[in-house]
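Chain letters run A, B, ... following the sequence lines, proteins first, then strands; residues in each count from 1.
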Amino acid sequence: MAQGATIAPGLTSFLKSLKTTPVDPSVEHFTSLLKRRQIRSSRPCAIATVALLLRVVIEFKGKDAAKLMERIRQVGRRMISAQPRELVVGNMVRRVLGLVREVVDENADVETNAASDNAHSHHDSLTRPNLNSSISNFSPLKHVATEPTDSNLSQSEHMSDSGELYRRPSLLTSHTSYAPTSNALMVHSLFGLFSQPETPSTSSTPTGHQSPDRKGMLTSLNLERLANLSMSNTTIDLRAEVMDGIKELQDELEQSDELIAANALDHIHSNEIILTHTASTTVQKFLLAAARKRKFTVVHAETYPHDHTATHGILLTGKKRESHQDDEDDVWKPLTAAGIQVVVIPDSHVFAIMSRVSKVILATHTVLANGGLVAAAGARMIAKAAKDHQTPVVVVSGVYKLSPVYPFDIEELIEYGDAGKTVPYEDGDFVEKVDVENPLYDYVPADLVDLYITNLGGHAPSYLYRIVADHYRTEDITL
Amino acid sequence: MPPKGKRGHANDKPKSGEDERDEPLQAVILADPFETRFSPFTLERPRCLLPLANTPLIEYTFEFLASAGVEEVFVYCGAHREQVEDYINRSKWVSRSSPFAKLELIQSTSNSIGDAMRDLDSRGLLIGDFIMVYGDVVSNLPLESALAAHRARRTKDKNAIMTMVLRAAGTSHRTKARSVNPVFVIDPSKDRCLHFEQMPNKDGSNFLSIDSELLSSNQELDVRQDLIDAGIDICTPDVLALWSDNFDFQAPRKGFLHSVLKDYELNGKTIHTHIVTDHYAARVRNLHAYDAVSKDITSRWAYPLCPDSNLIQGQSYRLQKGNIYKEDGVILARDCVINSKTVIGRGTSIGEKSVISNSIIGRNCYIGRGVTIDGAYIWDHASIADGTTVKRAIVANEASLGKKCIVEPGALISYGVIIKDGVTVRGESRITRAKRRRENGEDLDEGKSDPEVVGEGGGGFEFHDSDEDDEDEVVDGLVHRQPMYNLSHHNLSNESISTLNSDSEADFQVSHHTPSSSFLSTTSQDSDHAANFDHDATGSIYDSLVEGHETANIQLELTALRMSTNASDHQVRRAIIVSFVKRLSQLVKSGTSVKDAVVQVFKQHKDLIERSIFDKNTSVKSDQVDFLLLLQTELTHRENGNMILVSVATKLIELDVIGDDGLMQWWDSPKSSEGEDMRKVKEKTRQLVDFLNQSSEEESEDDDEEDSD
Amino acid sequence: MDVETPTAENPQFSSPPTFDIVSTYRTILASDPDLTMPVAAIEALVEVIAHSTVSTVAETLDLLERHTAILKSSIPNPISLSAGTDLFQRYLVTTLNRPASLNLGPDDDFRAIRNHLLSNGRLFVERAKASRDKIASFGKHFIRDGATVLTNGGSRVVGALLRRAAESTHMRFKVIYVLPSSTSVDSSEGHQIVADLRSHNVPVATIPDSAVAYSLGKVDMVIVGAEGVVENGGIISRMGTYQMGLLAKSKGKPFYVVAESHKFVRLYPLSQFDLPIEQTVIDFKVSTTDKSVSAEPNDEGIADMNAEEVRKFSGNSAQDAVDFTPPGLISGIITEAGVLTPSAVSEELIKIWF
């Protein structure tokens with residue numbers, strides 16, 4: 001059929017063109033796609049961004065880390081400004097920056113390396129998952145990370161017991177406080193008072209390099225050192241290492257759903273009634289994973305108007321019926337095929353049915369540092385209803401959706417969509433006389449959420465900042 | 001000279017590789033629809049660069065094409081080419097990253113769309129199917145399905161040459177063309193458009209004449225007038241060919257579409273419709289549409305085409321509750337009120353106690369204290385001093401309003417106009433500084449200011465097109481005023497005959513080029529009757545012609561009608577002409593040679609004509625001239641009208657209905673030779689004139705022979 | 001071993017040990033109006049070291065130990081002060097144990113550190129103020145266009161924050177300021193801030209404590225300062241903050257705390273009444289007893305009123321007392337290191353103590 005000839009531009013076309021187009025046009029291309037909403041929703045954005053950044057690194061000439069980071073930052077800013085509400089883009093940029101810094105640190109001072117090593121080994125026993133994460137995110141050189149399969153094995157198996165731990169996530173997570181970056185950052189914030197006067201960085205970046213523990217510190221100083229140390233061409237291949245790191249990141253994007261799904265059995269028990277909404281691959285996979293062993297009922301709110309077709313599609317065929325979702329090439333069995341009873345309800349029915357629901361599982365668009373989240377419209381109502389019935393609310397989300405940016409203004413994050421979906425545009429009088437709004441997202445405050453399940457395990461909302469600290473450098477938070 | 005978007009880095013095209021077609025998807029943008037709907041603004045800026053929600057119109061068109069996956073774009077522009085050109089050159093669309101592999105600007109000497117199309121055909125740039133849009137389309141339609149449908153049809157039937165993409169809308173809709181009312185007769189089974197007519201949106205004149213065979217041949221017919229026609233056509237090269245074949249086509253709809261459909265038997269081409277019921281599609285056709293579309297955009301009907309998706313580089317609009325869009329660096333006084341559905345550009349400052357609602361304000365505007373702006377459009381760098389009130393008006397770039405002015409709804413204040421303190425700008429007035437359209441290179445010549453309008457020491461004067469009735473059109477444009485509608489198309493300025501064809505002219509309106517006797521130029525209420533007369537008369541005469549009634553009876557009917565509506569002789573004449581010509585061309589189509597047809601119609605009913613002409617023995621044959629003029633104009637729309645004109649003229653001379661001097665006077669009358677196709681039609685008749693000059697019988701006969709076959 | 005430092009000998013004070021930390025502390029505090037108690041305390045301790053001739057780590061720590069003790073004991077509400085002293089102590093411990101980290105060049109020895117401390121005495125203050133600015137510039141993002149902010153107390157940080165927000169031109173916000181009717185120091189500071197804001201033409205309304213619930217309906221967010229941020233993320237702040245927290249919670253308004261991170265203090269209060277200070281806010285009595293109130297005007301804010309003032313509470317005003325706002329009521333703590341959830345505080349403390 002000739003239709004393919006003029007398929008609308010989207011993620012696939014972008015990735016295709018990316019292979020052969022230099023960075024700057026690609027960035028333009030990407031931004032325009034974002035503006036036209038032809039690439040939208042977290043995952044595609046994340047994939048595109050990372051792919052693009054990979055190109056940036058590949059094209060980057062020279063060894064100067066500072067320059068590379070500046071380059072990434074500048075590209076990142078352009079992408080973010082294109083669609084500020086897709087926080088994922090920003091997340092990915094920061095993650096990559098973090099990678100660069102990591103590489104720099106690895107090579108900057110070796111004794112630090114040693115320190116961090118025994119730090120890792122020391123905590124091995126306590127929290128394998130976090131170790132895993134910190135490795136795969138921060139030190140692409142570690143052999144553990146180089147064969148992801150094994151690390152994921154260990155990870156997933158630990159997922160399962162971290163599952164039991166989820167009643168006291170504080171315990172679980174507080175250990176991670178020893179993760180190199182966070183440690184550095186924290187130490188600063190209390191001792192910063194005493195740092196030395198001639199430190200240029202204290203005023204600018206929150207992390208002064210004078211604080212007693214310099215692990216994971218990247219400052220202008222040792223950056224320069226790295227620069228001229230690379231001038232005196234010592235054997236560090238910045239690009240290669242960063243690229244490895246980015247590959248890791250891509251793996252993470254791919255695997256996050258599976259890793260999350262690995263927790264399913266700990267949270268979904270037989271004969272439960274699970275309520276969820278909107279069309280989310282993460283949630284579907286999560287439920288499917290549970291469905292393999294257990295029988296339960298899924299009540300699905302359809303999130304009319306902006307997502308219901310997709311929802312119906314995902315329930316019926318396991319594939320979203322959306323043109324721009326051409327990246328969703330992997331079709332999986334729909335829940336019904338797995339012998340799960342699925343009930344679709346209009347959003348307006350949520351409260352009424354909530355009394356019978358035993359657990360609410362929400363997909364999310366973005367998770368915010370303060371423990372709140374931005375999810376498909378209707379999420380807040382569901383969460384509120386759940387709160388009212390004391391029904392636990394579980395949010396499943398890949399770490400890549402976790403944004404370090406503090407949401408100063410929630411309104412900024414809510415995207416308002418095509419009013420025509422709420423009221424048909426044909427209705428002339430209506431269009432003329434009535435203002436129609438169609439918000440795509442809801443902001444769900446932290447206190448309505450009981451548990452987050454990421455590819456690292458379960459976390460209480462109030463401890464998300466910890467994950468943030470593990471994955472992002474404070475220096476990068478403001479791009 | 002055309003800016004080249006760099007060609008063929010094939011990978012940047014937003015296209016999925018699988019089943020790649022060899023020819024890329026092409027599109028033609030008619031940046032200048034050859035109208036004066038936006039005067040006085042279009043005197044100084046090309047229409048496609050006028051800001052809509054603070055973004056140049058053409059950006060929306062480009063966005064639309066880009067998101068449809070178009071790769072090669074040809075922009076046709078008439079006036080202000082250089083401005084368009086350097087805008088495009090600076091835009092992102094020619095940059096490396098542009099989704100268009102190729103972006104060509106075509107300067108055409110043509111002064112009508114028809115000519116543009118023919119020119120395009122001659123250039124032979126378009127290989128395969130292409131999309132034709134105006135430079136003022138705003139749409140977020142995904143075209144895949146339409147294209148697919150089109151191609152599917154194509155593969156089945158080579159004659160399916162065109163698919164019009166239409167947006168269904170309710171019977172009453174702000175975004176629909178108000179002034180005229182396009183009616184599509186569609187065969188829903190094949191999505192085929194069978195008949196098209198454009199009727200003025202005026203009670204009493206809504207007549208639709210459908211060929212009887214349409215009704216008989218199709219068991220199902222949709223007659224739809226609830227469609228927004230955004231002028232988005234998917235065409236095949238044959239379309240261009242067709243344009244070239246019929247050099248008298250001017251308007252894509254009324255001209256091309258209408259006649260192609262009518263001549264289905266002749267050319268066998270079919271035109272199809274693709275009616276969508278979701279997404280957004282509209283044309284900024286006139287100021288009224290400008291208002292409507294702006295509203296649609298601010299209230300997000302055209303999502304993602306909203307201010308906050310910042311289409312152009314460097315925009316930074318943010319959405320706030322109640323569809324308020326503010327760019328960074330807007331300076332608001334602590335107690336000014338910004339109401340919903342408002343857009344404010346960077347660097348604009350708004351003073352205390354000012355109230356802004358439902359308005360779009362450009363960049364770097366200065367709004368003083370206690371200003372009230374409601375439903376108005378303030379373009380960049382405009383300044384409005386304290387205490388002024390602006391309602392539903394347009395204030396263009398660099399214009400400045402003094403203190404305590406009142407701008408009434410519908411007013412247009414053009415570039416750089418200066419209104420002094422305390423002046424009240426009347427609703428229908430259009431104030432400008434530019435005298436006439438700025439031609440290439442030449443800089444704008446200022447008319448001298450008129451203190452009446454702008455106050456002492458102000459700058460600017462009341463704008464008048466060569467056509468006197470212009471305000472009405474504009475008033476209709478921005479502010480909705482019922483009784484004006486029938487007048488809404490009086491902007492047919494003489495210098496641009498194309499305007500008249502460019503869209504939305506019902507046949508009988510054509511005639512009002514002639515002096516004030518035109519019923520249309522008379523005031524609205526009795527023009528109703530007039531219109532009625534016109535229709536009834538034409539209708540009845542035509543019918544009786546078809547049924548071959550006695551001339552006497554027809555005459556009787558006609559007189560009766562005329563009495564009842566006290567229509568002018570002029571109208572009678574026109575009625576006759578219209579019906580005769582209609583009959584004529586019908587006969588011609590049905591195979592009879594022009595000559596015979598003429599004989600059949602005119603000879604038989606010569607009395608009718610004679611009784612409408614009363615200047616047999618006056619020296620100034622005003623009536624005859626008028627008659628011929630009517631004939632001529634009427635014929636401009638018929639195919640090979642020139643042929644007909646010749647033979648009719650000859651016949652009339654022969655019948656001595658028209659005297660030689662009558663013909664001469666007509667020939668020499670300026671009106672008969674203004675505008676492209678008037679001249680075109682006239683040309684052939686030259687032979688006759690020459691011949692009359694050295695009157696020799698046979699040649700004329702020969703002429704007729706030639707002509708008739 | 002005790003340390004004789006004749007240089008520090010001060011005639012009119014004769015309190016052991018030889019160097020009068022308390023008076024130093026007070027003078028420092030008095031010298032600079034916008035100096036916080038923790039910093040002042042640190043200053044004082046630096047002074048102590050300066051006047052001492054200690055040469056070993058052990059000595060120094062011991063010295064500080066003692067002086068800190070004195071300082072705390074001599075002041076009725078040592079909470080925020082202790083934050084400073086503890087921090088300083090920890091810092092010394094960590095640095096002294098790992099002198100290399102200061103990289104003061106090759107000759108890392110105790111003297112180096114000492115010199116570092118002494119030379120940078122003022123610097124600490126600078127940095128403390130700097131961190132306040134940082135908070136201000138960072139926290140001003142919380143205030144959106146058209147917002148109404150409810151705040152209380154004479155917190156300098158809050159003041160700075162609001163002022164900063166007011167300075168940014170296209171920000172339009174209103175402030176409702178809870179002012180006690182009394183003439184206590186921080187209410188007068190409150191008055192200053194109000195006047196200041198009004199001069200920046202920010203519309204400010206002042207209301208009494210009793211009107212908080214009433215006006216909360218018009219409020220978008222609550223921002224308060226804190227005297228100390230305790231381990232569980234709760235805060236210790238002027239009397240009335242707790243009830244604001246409760247009301248804000250019940251009205252679902254965000255309740256933000258602004259505090260420099262050197263105000264973090266190692267306490268774990270579970271209720272109002274296990275704060276390590278003695279304040280007789282609730283004072284039951286029968287009509288007969290009536291004590292004449294003798295209060296000399298105090299000039300260093302809450303913490304520095306001495307015993308008889310504490311008694312004064314029972315009489316007329318409870319404004320100068322403090323209360324404890326549990327973490328559950330707090331939506332975020334704005335520090336110069338960023339916005340923390342209450343639960344993050346404990347971690348930060350853990351970092352330096354274990």
Side-chain angles (χ1 to χ4, degrees), chain A residues 1-10 12-14 16-22 24-38 40 81-85 323-324 326 409 411-412 414-421 423-432 434-438, chain B residues 9 11-21 25 63 66-70 92 95-99 140 142-145 147-148 151-152 155 167-176 226 277-280 296 299-304 306 309-311 316 318-323 340-341:
Chain A
M1 166 104 181
Q3 169 146 19
T6 57
I7 186 162
T12 33
S13 65
F14 172 69
K16 187 181 293 296
S17 79
L18 186 57
K19 293 199 189 64
T20 47
T21 326
D24 285 301
S26 305
V27 174
E28 284 308 314
H29 186 185
F30 183 45
T31 50
S32 56
L33 286 176
L34 280 176
K35 285 180 177 175
R36 275 184 237 123
R37 308 296 191 270
Q38 281 171 326
R40 61 187 303 168
S81 59
Q83 216 322 19
R85 298 195 192 87
S323 53
H324 63 74
D326 43 18
D409 184 0
E411 278 304 316
E412 294 275 305
I414 308 297
E415 167 133 12
Y416 283 78
D418 177 4
K421 287 197 169 176
V423 176
Y425 182 67
E426 291 87 318
D427 193 338
D429 299 344
F430 216 108
V431 174
E432 182 69 53
V434 186
D435 296 348
V436 184
E437 281 190 356
N438 174 20
Chain B
H9 49 91
N11 318 289
D12 202 16
K13 48 175 85 151
K15 222 173 194 255
S16 79
E18 57 273 6
D19 59 11
E20 186 90 55
R21 294 175 138 244
L25 183 58
E63 281 295 331
S67 52
V70 171
K92 67 182 180 206
S95 73
R96 184 93 205 277
S97 60
S98 137
N140 58 3
L143 281 179
E144 291 98 351
S145 48
L147 283 162
R151 295 194 164 122
T155 40
R167 172 66 158 95
T171 43
S172 72
H173 202 297
R174 69 177 177 206
T175 315
K176 266 171 36 179
D226 66 332
T277 53
D278 52 0
H279 294 94
Y280 185 84
D296 290 344
S299 41
R300 304 186 81 81
W301 292 100
Y303 173 88
C306 324
S309 50
N310 298 322
L311 294 182
S316 60
R318 292 257 192 83
L319 171 63
Q320 294 172 350
K321 266 243 168 295
N323 293 336
S340 67
K341 288 182 262 137

Heavy-atom pair with the smallest gap, counting every atom of B:Ala66 and A:Arg36
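Answer, listing the atom of B:Ala66 first, then A:Arg36: CB-NH2, 3.4 Å.
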Shortest non-hydrogen contact between A:Ala419 and B:Ser299, atoms and distance: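 Minimum heavy-atom separation between A:Ala419 and B:Ser299: CB-O, 3.9 Å.
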**Asked** Among A:Gly420, A:Ala82, A:Ser26, A:Ser81, which has the most heavy-atom pairs under 4.5 Å with chain B?
**Response**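 Maximum pair count with chain B is reached by A:Gly420.
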Is there a side-chain contact between [X] and [Y] in this structure, where contact means two heavy atoms from C-beta onward sitting under 4.5 Å apart?
{"X": "A:Arg37", "Y": "B:Ser309", "result": "yes"}
{"X": "A:Gln38", "Y": "B:Ser67", "result": "yes"}
{"X": "B:Asn323", "Y": "A:Asp435", "result": "no"}

Rounded distance [0.5 Å steps], [atom1] in [X] versus [atom2] in [Y]:
{"X": "A:Ile414", "Y": "B:Leu319", "atom1": "CD1", "atom2": "CG", "value": "10.5 Å"}
{"X": "B:Lys321", "Y": "A:Tyr416", "atom1": "NZ", "atom2": "OH", "value": "2.5 Å"}
{"X": "B:Asp296", "Y": "A:Glu432", "atom1": "CG", "atom2": "CD", "value": "9.0 Å"}

Side-chain donor or acceptor of [X] paired with backbone N/O of [Y] under 3.5 Å:
{"X": "B:Arg300", "Y": "A:Glu437", "answer": "no"}
{"X": "A:Glu28", "Y": "B:Ser98", "answer": "no"}
{"X": "B:His173", "Y": "A:Asp429", "answer": "no"}

Under 4.5 Å from a heavy atom of chain B, the part of A:Val423 involved: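 For A:Val423, heavy atoms of backbone and side chain both lie under 4.5 Å from chain B.
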For A:Glu415, is it the side chain, the backbone, both or neither that has a heavy atom under 4.5 Å from a heavy atom of chain B?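 Side chain of A:Glu415 only, per the 4.5 Å heavy-atom cut-off to chain B.
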Let's go through B:Trp301 and A:Val436 carefully: what are the C-alpha distance in whole Å and the side-chain angles of both, what is the deciding distance for side chain to side chain contact (heavy atoms under 4.5 Å, CB included) to 0.1 Å, and is it a yes or a no? CA-CA 9 Å; B:Trp301 292 100; A:Val436 184; 3.8 Å; yes
Point to revise | Which portion of B:Thr277 sits near chain A, non-hydrogen atoms under 4.5 angstrom | key: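 For B:Thr277, the contact with chain A is made by backbone and side chain together.
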| Where on B:Asp226 is there a heavy atom nearer than 4.5 Å to chain A: the side chain, the backbone, both, or neither? |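 Neither the backbone nor the side chain of B:Asp226 comes within 4.5 Å of chain A.
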>> So that I can tick it off, tell me whether A:Glu412 and B:Arg318 are bridged by a salt bridge, with the cut-off set at under 4.0 angstrom between side-chain N and carboxylate O.
In response: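 Between A:Glu412 and B:Arg318 there is a salt bridge, with a charged N closer than 4.0 Å to a carboxylate O.
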**Evaluation steps, side chain to side chain contact (heavy atoms under 4.5 Å, CB included), between A:Glu426 and B:Arg167** = CA-CA 9 Å; A:Glu426 291 87 318; B:Arg167 172 66 158 95; 3.3 Å; yes
